[in-house]
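Within every chain, numbering begins at 1; the chains are lettered A, B, ... in the order of the sequence lines, protein sequences first and strands thereafter.
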Amino acid sequence: MIKLIKNYWFRRIVGSLVVLLVVLILNFFLFRIMPGDPVSTIIDPHFSPQAKQHLRAQFGLDLPLYQQFYLYVKSLVTFNFGQSFLSQKPVWEELRTRIPNTVFLLGTAFMLSALLGIWLGVKAAQKRGSALEKVVLLAGSISFSFPSFFVQLVLLMIFGWAIPIFPIRGSLSVPPPSGMAALWDFLWHMTLPIFSLVLLGFGSWAIYVRNLMIKTFSEDYILLARAKGLPENKILWGHAFRASLPPIVTMFLLALPGILSGAVITETVFSLHGVGKFLLDSILGHDYPAAGAAFYLLAIITIICNLTADFAYGLVDPRIRLGRKME
Amino acid sequence: MREPFRKICLFAIAIFACLFCFPNIQSFGANNVVNLENIKGPKIKDLYMVIYRDPDSQILALETGKLDVLGDIIRPVDIKRLSSRDDILMTLSEGFHIFFLGFNLREYPWNDLALRKALSHAVPRKKFVRDLFAGYCLPIYTYLPPVSPYYEPDVTHYEYDPEKAKKILAKAGWKWSQGGLLIPPGSDKPLEKVSLLCPTAQAAPTTAELASRIAESFSSLGLPVELEMLDFSMMIKRLDKHDFDLFVMAWSLSRDPDNLFAFFHSSMDTEGGYNIQGLHDSEIDKVLEDLRWAPDKDSAVKAAKEAQEMLSDKAPWIPIYSRYMISAIRKDWKGLTFSKKTTADNIWSLLNMEPVNGKMRPLYWCLPEDPRTLNPLAAGSAYDWAVLGLIYESLIGTDPYTLDDIPQLALKWNIETETHGTKKLTKLVFHLREDVTWQDGALFTSEDVKETILFLKKHQLPRYFDQVNNVVSVETPNEHEVVVTLENTSYWYLHNIGGLPIFPAHILKNVENWKSWRPERQENPKDPKLTQLVGTGPFIFMEYKPGEYVHLKRYDGYWKNR
């Protein structure tokens, strides 16, 4: 038993469960501390105070707080998230229809911008002072300095209106095609939103990786590797890049939960059915079941990503593997 | 010399404003009068209500022909851009909307009538509308918007006149300190800073800017005003608790003026009630009661006129502007119905629209948001009813030119009042059309009307609670006649009951839990090709792809098509 308690992974998992519990409690109380409730924000002269009272009862907001808390915990633990106040549909169904679009959009954009940014960052660091480095630095700075709505609207104007080669909205045509054509139709619709996010996202990766790599290139072991006459590619990817990997992996895994939280602006500009807009509407509309469930899922994914990051450190850097002693 | 120069300058400014700032009305469609009796339809076979969330992408889609109809255009830049195009018809109507500034009448100095009147003269409404909305709004001085059939123009107007404002204050004993701040009568200390509640600039940029300009206008009169920008929920909480000095807000209204009762009757001055400013005036209460319980239209018109006159005299608000409704339709469609009171994106246009070139194709209509639910028993948002309103119908419709009542599912109706001892009752008798069928083929009868009203009453559905709360009984003397009896007498009962969407009794009887009912997903018991989302309306629900579109199809058996 003591051995189990002393086990690093056991302690990390228990710690994560405690974090989850705290998130769960905060989720409940923070939403209820916010001014107003889902009924008080209905401002309609044809909705009398008596009718509002009926609506409160329908949402279960007339129950004592401890009873509401019990129902809330029960719904989250059983993953039966209840009904959304705003749509009257099961929250899980609301999320289920949105998650595929959001994960595909942000997952693809994230992977592409990370890969492109890392590759450009490595190349820029390798060729310091070259035109390539200057271009990467300039493009990188511009990329993450521009507001997303502006870039996306400009892209829409160019490729949706002036040279209309991409659709203006959504993830499928109206009416939609069937069979394999539907898949192509989906990819065609997602191209512009993904391209815009890659354009906005690669810069921060490129500059971050370039700076990391420059620092690594100044290390003695790189000098030694060069002195030994190792091929440049081996030094670049096998030594310098590998040594720079842990912070990159951390950044990568910590950014991963964002794939599920959605991108409100992108979803709005391209009229995509995603989690981001749903989450924002839930918070603004005091839709406690919907917002609670979405934050609960995000907390779980963040915790899993943190654990994965811990595990991945050992894989990418042998120096920090558990149980390995300094020789 | 100075006076002629001032006049010339003012004339030049007025010409400039007319040419460049006010809407170019010629670019908008004027009245398009179509005899409603002659409208058969719908002619369109497929209607796609496509979800475009971003206003810029809506405009691009309309220009590229991916959208045919775009309603509720707000931004002046979009209006100007679209109205300059030859392939797009813009239509404009006055809106049931009012934006105003409210005082907290429970506290000094806001309970001082002279101060309220003076401040009403200090607001340059026309300038605000010109500067902030490029003229695409209507400056107003009354408590109902001009589009309302009950609008009374002949009331006290508080035109912009700072000198008059100062005179009113001076006459009431107000003085000014050396620094120009107002000193209340009987006091030697100037007023302390007061706050004006408004939404944040991020949430409502134009409203925040307007509030800031109002604050400037009041400050120039000597009233030191500080803007307090709050998140909307926080602002509502402060208003509910009556913790404010001044606030700005807008109401979306309906064609019936009985909401004046909710806004100004003293019984509505409760926490969370709509008499936010806390007006208590027994004479106004009496007139508002007459309005609310008016037995017929004449009494309602008389009470609404009196209420507006009295409210203007008491100035509990400063009405500022009313929005225009503006819509755009591609000119490759014909058969539109529109007027000064209704834009072209309406049900009458939908019934009559067909392509100009004669070759039928689907119509693409913009929905700015997903419908939250397609359960008509729980639906509340405008986007829900943009779809459901094409499937379900009510007993009484609205004339797009006059906004008067016109027959829909009921061919005619009459209102009777009865007295039983001390109790007064209203009897609404509806004579129904005999040629109406539900979209699944079942015959529409008085039983459907009865079951709808009784279902809504029995389950106390919040959205319909106020409409059916006073229903005492519903009787069906025959298949095409319904008698609804309600407690007390009120002319508005006709619209409360006549405006209810009517649901099929054969579907309603199978609804076990109205909250979780998903009619769009359940098979229709009479026609397996349809869902349970069937009404008597001109369009049949076919498919809803969340985030993408709602597909509706023409109902060939629609009663207007026969």
Side-chain angles (χ1 to χ4, degrees), chain A residues 34-37 39-59 83-84 86-90 93-94 97-98 101 149 152-153 156-157 160-161 164 167-176 265 267-274 277-278 281 284-286, chain B residues 46 48 50-54 56-57 60-61 63-64 66 230-238 240 249 251-254 258-259 261-263 268 270-274 362 364 370-373 375 378-381 460-467 469 515-518 545-549 551:
Chain A
M34 288 195 319
D37 65 33
V39 180
S40 65
T41 47
I42 297 174
I43 303 292
D44 180 351
H46 294 98
F47 214 87
S48 68
Q50 215 181 342
K52 282 186 173 181
Q53 212 43 49
H54 280 282
L55 196 60
R56 264 196 194 97
Q58 184 194 320
F59 292 159
Q83 306 263 114
S84 155
L86 296 179
S87 69
Q88 296 296 307
K89 291 179 200 160
E93 187 189 315
E94 291 276 19
T97 59
R98 290 171 163 87
N101 264 356
F149 74 90
Q152 290 168 340
L153 283 175
L156 261 189
M157 282 286 284
W161 184 74
I168 290 173
R169 64 154 303 282
S171 60
L172 48 86
S173 297
V174 183
I265 293 171
E267 286 168 14
T268 305
V269 171
F270 293 99
S271 301
L272 290 168
H273 190 56
K277 183 81 174 41
F278 174 71
D281 289 346
L284 294 178
H286 297 261
Chain B
D46 288 288
Y48 286 95
V50 192
I51 295 145
Y52 281 86
R53 293 206 181 95
D54 182 65
D56 292 297
S57 62
L60 296 183
E63 289 182 345
T64 50
K66 292 187 175 88
L230 295 173
D231 167 70
F232 191 64
S233 302
M234 190 68 206
M235 180 171 155
I236 297 301
K237 192 178 178 183
R238 291 273 300 273
D240 279 351
M249 196 184 238
W251 287 115
S252 280
L253 308 169
S254 64
D258 59 332
N259 37 44
F261 183 92
F263 297 150
M268 293 290 157
T270 54
E271 187 174 324
Y274 295 119
Y364 298 97
D370 270 272
R372 281 178 179 166
T373 175
N375 171 3
S381 85
Q460 299 197 317
L461 272 63
R463 296 278 167 197
Y464 302 99
F465 180 83
D466 296 326
Q467 282 167 278
N469 191 29
K515 293 175 207 166
S516 56
W517 187 41
R518 305 289 298 279
K545 284 254 182 216
E548 305 292 344
Y549 63 85
H551 178 200

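Side-chain N or O atoms of A:Ser271 include one that pairs as donor or acceptor with a backbone N or O of B:Arg53 at under 3.5 Å. In terms of modelled atom types and a separation under 3.5 Å, the side chain of A:Arg169 and the main chain of B:Ser57 share no donor-acceptor contact.
A 4.5 Å side-chain heavy-atom check between A:Met157 and B:Leu60 finds at least one atom pair inside the cut-off. Within the 4.5 Å cutoff, the side chain of A:Phe149 has no heavy atoms near those of the B:Asp54 side chain. Here the side chains of A:Val269 and B:Asp56 are not in contact, with every heavy-atom distance at 4.5 Å or above. In this structure, the side chains of B:His551 and A:Pro175 stay at 4.5 Å or more apart for every pair of heavy atoms. The closest side-chain heavy-atom distance from A:Lys52 to B:Pro462 is not below 4.5 Å.
Remark: B:Tyr549 engages B:Tyr48 in a ring pair (Phe, Tyr, Trp, His ring centres under 6.0 Å) (not counting sequence neighbours). Remark: A:Ser171 pairs with B:Glu548 by the side chain to side chain donor-acceptor pair (under 3.5 Å) rule, at least two apart or across chains.
Residue A:Gln152: no heavy atom, backbone or side chain, is found under 4.5 Å from chain B. Both the backbone and the side chain of A:Leu156 come within contact range of chain B, with heavy atoms under 4.5 Å apart. Interface remark: B:Lys515 contributes backbone and side-chain atoms alike to the contact with chain A (heavy atom separation under 4.5 Å). A:Gln83 touches chain B through its side chain: at least one heavy atom from C-beta onward sits under 4.5 Å away, while N, CA, C and O do not.
For B:Lys545, the NZ atom sits in a loose shell: 12 or fewer heavy atoms of surrounding residues, nucleotides or ligands are nearer than 6.0 Å.
Of all heavy-atom pairs spanning B:Lys66 and A:Gly160, the tightest one is NZ-O, 4.0 Å. Smallest separation of non-hydrogen atoms from A:His273 and B:Asp370: ND1-OD2, 3.9 Å. A pairwise comparison of heavy atoms in B:Tyr364 and A:Val174 identifies OH-O, 3.4 Å as the closest pair.
The CZ atom of B:Arg463 sits 14.0 Å away from atom NE2 of A:His54, with the distance rounded to the nearest 0.5 Å. Rounding to the nearest 0.5 angstrom, the gap separating the CD atom in A:Gln53 from the CZ atom in B:Phe465 is 10.5 Å. In this structure, A:Ile168 CD1 and B:Tyr52 OH are separated by 5.5 Å, a value rounded to the nearest 0.5 Å. The distance from atom CG of A:Leu86 to atom OG of B:Ser381, rounded to the nearest 0.5 Å, is 9.5 Å.
With chain B as partner, the option from A:Ala57, A:Ser84, A:Pro176, A:Pro167 having the largest number of non-hydrogen pairs under 4.5 angstrom is A:Pro176. Ranked by heavy-atom pairs under 4.5 Å with chain B, the list A:Asn101, A:Asp281, A:Thr97, A:Leu172 is led by A:Leu172.
Looking at A:Glu93 and B:Arg518, a side-chain N of the basic residue comes within less than 4.0 Å of a carboxylate O on the acidic one, giving a salt bridge.
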